[in-house]
Amino acid sequence: MPHLRSLPVLFVFSAAAFLPTSVSAADLLIYFGTRDQGPDKGFSLAHFNTETGALSQPAFIQPAVGPGFFMVHPDGRHLYTVNTHGGTDAPLEGAVSAYEIDPKTGKLTLINSQPSGGQNPAYLGLDHTGHFAFAANYNSGTVVAFPIKPDGSLGPRTAFDQHTGKSVTPDRAQQAYAHSIIIDPSNHFALSADLGLDRVYIYKFDDKTGALTPNTPAWFTDKPASGPRHITFSPDGKFAYVVHEIASFVGVYSWDSAKGVLTEVQAISTLPADFKEKNTAAEVQVHPNGKFLYASNRGNNSLAVFSVDPTSGKLALLQHISTQGKTPRNFTFDPTGQWIVASNQDSNSAIVFKVDSKTGLLTQIGPLATLPASPYCERFVPASPVIPTPAN
């Protein structure tokens, strides 16, 4: 993939003339997506310098219907996104779409779309073979799986499940709200956090057929009124971490990858002890080295930084750092693990943090970058694309 010449400061480019002729291996492409629809709503694209942390001014490149959460395939040539149709209460079914990435320009070309199997899809995941995509439909409380064909297109769904029940949170617990679905490191189980039911659903996953079948037990019952939202795993697969939107804490769980069973280890707040205002936690990610965990706070408008005990999986708070904007929904590591890019949904901006690999602490690098629409998600195109192979 061609790359831009290394630059020590932010640089601006024209979407019409996207790449200069001088390139270097330090440059990556990064996409930003928004849940909204209308003019300048869809995908924006920027360049990121992995040597300096310089983020170019993102430019709008592709209209799309609410690409609020998406993933770049490990091959670096395809992008998969959910498409929300309207607002949170919109009655229309969403979609899941496949795009081809032009490695020279970053241009996205729509390959095809499939119905998402419910309203307001909020999450898109991929299995570790790169052969299946998954979506969680928030309003409908459903999860689905789709095969990824050799040409990158999405086939008809291979799995569908409807969450049912209720919990205790006023106004948000009278029905299922499936907020995410992720495949465990063994590639044998899928976990879905349901905010409305205070459960983490667990499915057996067949990576040959794409089938999802309820595990025994079929779910982990979480703390009442906690609102589990997103899930991530330690690199060794021994621990799962769940960020809880409503109660603003990270739950730590040991993970039995043979039986598909979660066992609670710890619950730790994502907030400063003296913060008493309204907050909803959003994203959670473990550093590639497994030593640190990061979570975003919408209200406190910060990233919380934790150290990870390698034996117990337990977390210890290290830092809160402002994202210099409003409502940091999602964030991501660059492929080197040296940088975090976070976006502020309600102030149309993105910020870069340098990650200290020894301490885990974050330092802001450069000024904020302005986005043309409220950003919901950001993803890098990998510097060294790979062709996934089936997991053991």
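These numbers come from the heavy atoms of this one structure, side chains and all, not from hydrogens, waters or symmetry mates. Residue numbers count from 1 along this sequence.
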Atom pairs and distances, donor-acceptor, side-chain atoms in residues 261-272, under 3.5 Å, two or more places apart:
from   : atom 1 : to     : atom 2 : distance (Å)
Glu264 : OE2    : Lys223 : NZ     : 3.1
Gln266 : OE1    : Leu315 : N      : 2.7
Gln266 : NE2    : Leu315 : O      : 3.0
Ser269 : OG     : Leu271 : N      : 3.0
Thr270 : OG1    : Ser248 : O      : 3.3
Thr270 : OG1    : Asn297 : OD1    : 2.6

Shortest non-hydrogen contact between [X] and [Y], atoms and distance:
X	Y	value
Pro372	Ser44	CG-OG, 3.2 Å
Gly313	Val252	O-CG1, 3.3 Å
Pro147	Thr158	CD-CG2, 3.5 Å
Thr164	Ala176	N-CB, 4.5 Å
Pro382	Leu28	C-CD2, 4.5 Å
Val355	Ile340	CG2-CG1, 3.9 Å

(message) Are Tyr138 and Tyr177, when compared by the centres of their aromatic rings, separated by less than 6.0 Å?
(response)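 They qualify: ring centres under 6.0 Å apart.
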(request) Answer with yes or no after comparing the ring centroid distance for Phe146 and Phe134 against a 6.0 Å cut-off, counting only values under it. (result) no
Determine whether the side chains of [X] and [Y] contain a donor N or O and an acceptor N or O closer than 3.5 Å.
X	Y	value
Asn49	Asp27	no
Asp222	His244	yes
Glu378	Thr332	no
Ser97	Ser113	yes
Asp161	Tyr203	yes

(request) Quick one: do Phe333 and Tyr294 satisfy ring pair (Phe, Tyr, Trp, His ring centres under 6.0 Å)? Show the steps, please. (result) CA-CA 10 Å; Phe333 292 99; Tyr294 302 81; 5.6 Å; yes
(message) Check for me whether Arg329 meets the cation-pi criterion with Phe69, that is, NZ or CZ under 6.0 Å from the six-membered ring centre and within 45 degrees of the ring axis.
(response) no
(message) Enumerate the side chain to side chain donor-acceptor pair (under 3.5 Å) contacts for residues 362-372, please, sequence neighbours excluded, ordered by first and then second residue.
(response) none
So do the side chains of [X] and [Y] get within less than 4.5 Å of each other, counting heavy atoms only?
X	Y	value
Ile30	Leu45	no
Thr280	Ile246	no
Leu29	Phe380	no
Trp219	Tyr201	yes
Asp102	Thr109	no

Using ring pair (Phe, Tyr, Trp, His ring centres under 6.0 Å) as the criterion, list what pairs up with [X], not counting sequence neighbours.
X	result
Phe233	Trp255
His320	none
Phe220	Tyr253
Tyr241	none

Looking only at atom types and distance, does a side-chain atom of [X] sit under 3.5 Å from a main-chain N or O of [Y], one as donor and one as acceptor?
X	Y	answer
Asp184	His188	yes
Ser302	Ala304	no
Gln319	Leu362	yes
Asn344	Asp346	no
Ser56	His47	yes
His287	Gly337	yes
Asn215	Lys259	yes
Ser192	Ser180	yes
Lys291	Pro288	no
Ser312	Lys314	yes

Does [X] have any side chain to side chain contact (heavy atoms under 4.5 Å, CB included) partners at least two apart in sequence or in another chain, and if so, which?
X	answer
Pro121	Val82, Thr84, Ser116, Asn137
Gln62	Phe43, Tyr99, Leu108
Gln338	Asp334, Thr336, Lys354

(request) May I have all residue pairs that pass salt bridge (Lys or Arg N to Asp or Glu O under 4.0 Å) and include part of residues 316-327, sequence neighbours excluded? (result)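 Pairs touching residues 316-327 that pass the test: none.
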(message) Run the salt bridge (charged side-chain N to carboxylate O under 4.0 Å, His left out) test against Arg298 and tell me which residues pass, sequence neighbours left out.
(response)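 Testing Arg298 for salt bridge (charged side-chain N to carboxylate O under 4.0 Å, His left out), a comparison that skips the adjacent residues, returns Glu245.
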(request) Evaluate the criterion side chain to side chain donor-acceptor pair (under 3.5 Å) for residue pair Asn301 and Thr323; output intermediate values, then yes/no. (result) CA-CA 6 Å; Asn301 296 324; Thr323 60; 5.4 Å; no
(request) Just do the side chain to side chain contact (heavy atoms under 4.5 Å, CB included) check on Glu93 and Gln119 with the steps written out, would you? (result) CA-CA 5 Å; Glu93 182 177 15; Gln119 300 169 14; 5.5 Å; no
(message) Could you work out, with side chain to side chain donor-acceptor pair (under 3.5 Å) as the rule, every residue matching Thr81, not counting sequence neighbours?
(response)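 None.
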Are [X] and [Y] joined in one hydrophobic group, where the rule is that I, L, V, M, F, W and Y side chains link up if heavy atoms are under 4.5 Å apart?
X	Y	value
Val284	Ile183	no
Phe306	Val243	yes
Val305	Val286	no
Val144	Tyr80	yes
Leu195	Val250	no

(message) Applying side chain to side chain contact (heavy atoms under 4.5 Å, CB included) to Ile351 and Leu55, what does each step give before you reach the verdict?
(response) CA-CA 8 Å; Ile351 187 171; Leu55 176 68; over 6 Å; no
(request) Working to the nearest 0.5 Å, report the span between CZ of Phe205 and NZ of Lys208. (result)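 Phe205 atom CZ to Lys208 atom NZ measures 9.0 Å (nearest 0.5 Å).
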(message) Please identify which of these residues, Asp198, Val168, Val242, meets the side chain to side chain contact (heavy atoms under 4.5 Å, CB included) condition with Ser226.
(response)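 Result: among Asp198, Val168, Val242, Asp198 is the only option passing the side chain to side chain contact (heavy atoms under 4.5 Å, CB included) with Ser226.
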